[in-house]
Structures are given as C-alpha cells and as structure tokens.
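Below is one structure; the comments refer to it alone.
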Amino acid sequence: MAVPRKTPPKPDPEDIMREYLRYMTAGFEVIACIMIFAGAGYGLDRWLQTEKPWFLLFLSLLGCAAALYLLIRKLGNPSKP
C-alpha cells in the first residue's frame with residue numbers, strides 16, 4: 001500500500017514580499033549609515049584642513065560599526081519586522 005505524500009504548504013506571496021523588503025531595506029540602511037558617517041568625516045577633514053584624513057577614517061569605521069549593529073539588531077530577531 002502506497003503512503004500518500006504530503007505536499008508542503010505554498011508560501012504566502014505577502015510573506016515572501018515582506019521578507020524580501022526586510023532584507024532589501026537592511027542593505028540600504030547599511031549603505032546609508034556608512035555613507036553618512038564617511039561624508040561627515042570628509043566634511044570635517046575639509047573644514048578643519050587636516051593633513052591626513054583622520055576624521056574620514058575614524059568616522060568611516062564608526063559608521064561600519066553602527067551599520068553592523070543595525071544589521072544584527074534588525075536581522076537577528078526574526079519576529080520583529
């Protein structure tokens with residue numbers, strides 16, 4: 001006697017779109033965070049006329065850390081949208 005196969009339920013199109021948008025916005029947030037911090041560092045270096053781009057370097061690294069924090073916070077908990 002053959003055992004009937006259970007077909008997996010079809011994913012809801014709204015759930016698929018919600019997940020897609022969640023990851024897409026996370027990527028834009030990372031890029032925006034790094035760009036804003038790097039732009040602020042570049043502006044400070046130009047305004048203060050520093051010889052080496054220390055503000056650009058420091059604020060770029062700070063922007064990467066902030067972006068990583070946002071990414072972990074957003075994607076680490078799947079129950080939050």
Side-chain angles (χ1 to χ4, degrees):
M1 180 170 189
V3 178
R5 291 185 180 176
K6 292 184 180 178
T7 59
K10 284 188 159 183
D12 186 21
E14 288 184 16
D15 288 340
I16 293 172
M17 185 58 82
R18 188 174 295 118
E19 285 296 312
Y20 175 72
L21 290 174
R22 181 178 177 202
Y23 292 115
M24 196 168 97
T25 57
F28 283 125
E29 285 177 2
V30 167
I31 292 169
C33 190
I34 294 170
M35 295 295 287
I36 288 170
F37 275 83
Y42 179 75
L44 277 172
D45 281 328
R46 288 197 56 167
W47 182 54
L48 297 174
Q49 298 175 354
T50 58
E51 291 181 22
K52 295 183 180 178
W54 291 113
F55 288 108
L56 175 63
L57 179 65
F58 177 71
L59 288 179
S60 294
L61 291 175
L62 187 63
C64 289
L68 185 62
Y69 170 75
L70 287 174
L71 190 65
I72 290 171
R73 192 182 75 181
K74 184 171 189 108
L75 300 181
N77 190 357
S79 64
K80 287 187 178 180

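Residue numbers count from 1 along this sequence.
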Discussion item. Same cluster or not: Tyr20 versus Phe28, using hydrophobic residues (I, L, V, M, F, W, Y) connected whenever any side-chain heavy atoms lie under 4.5 Å apart?
Written reply: yes
Worksheet entry | Results of side chain to side chain donor-acceptor pair (under 3.5 Å) for Thr25 - residues two or more places apart only | none
Worksheet entry | Verify same cluster id: Leu48, Phe37 (apolar side-chain graph, 4.5 Å) | yes
Worksheet item: Shared ILVMFWY cluster between Leu44 and Phe58, side chains joined below 4.5 angstrom?
Response: yes
Discussion item. Nearest 0.5 Å, please: how far is CD in Glu29 from CZ in Arg73?
Written reply: 8.0 Å
Worksheet entry | ILVMFWY network linking Trp47 to Leu57, side-chain heavy atoms under 4.5 angstrom | no
Discussion item. Other residues, nucleotides and ligands only: do more than 12 of their heavy atoms fall within 6.0 Å of OH on Tyr23?
Written reply: yes
Discussion item. When you group the ILVMFWY residues by side-chain heavy-atom contacts below 4.5 Å and let the links chain together, are Leu75 and Ile34 in the same group?
Written reply: yes
Worksheet item: Donor-acceptor pair, Arg22 side chain versus Lys74 backbone, under 3.5 Å?
Response: yes
Fill in: Flag, side chain of Asp45 to backbone of Thr50, donor-acceptor distance under 3.5 Å
no
Worksheet item: Which pair of heavy atoms, one from Ala38 and one from Leu56, lies closest together, and at what distance?
Response: O-CD1, 3.2 Å
Discussion item. How close do Ala67 and Cys33 get, counting heavy atoms only, and between which atoms?
Written reply: N-SG, 3.8 Å
Practice prompt. Could you grab the distance from atom OG of Ser60 to atom OH of Tyr42, nearest 0.5 Å is fine?
Written response: 12.5 Å
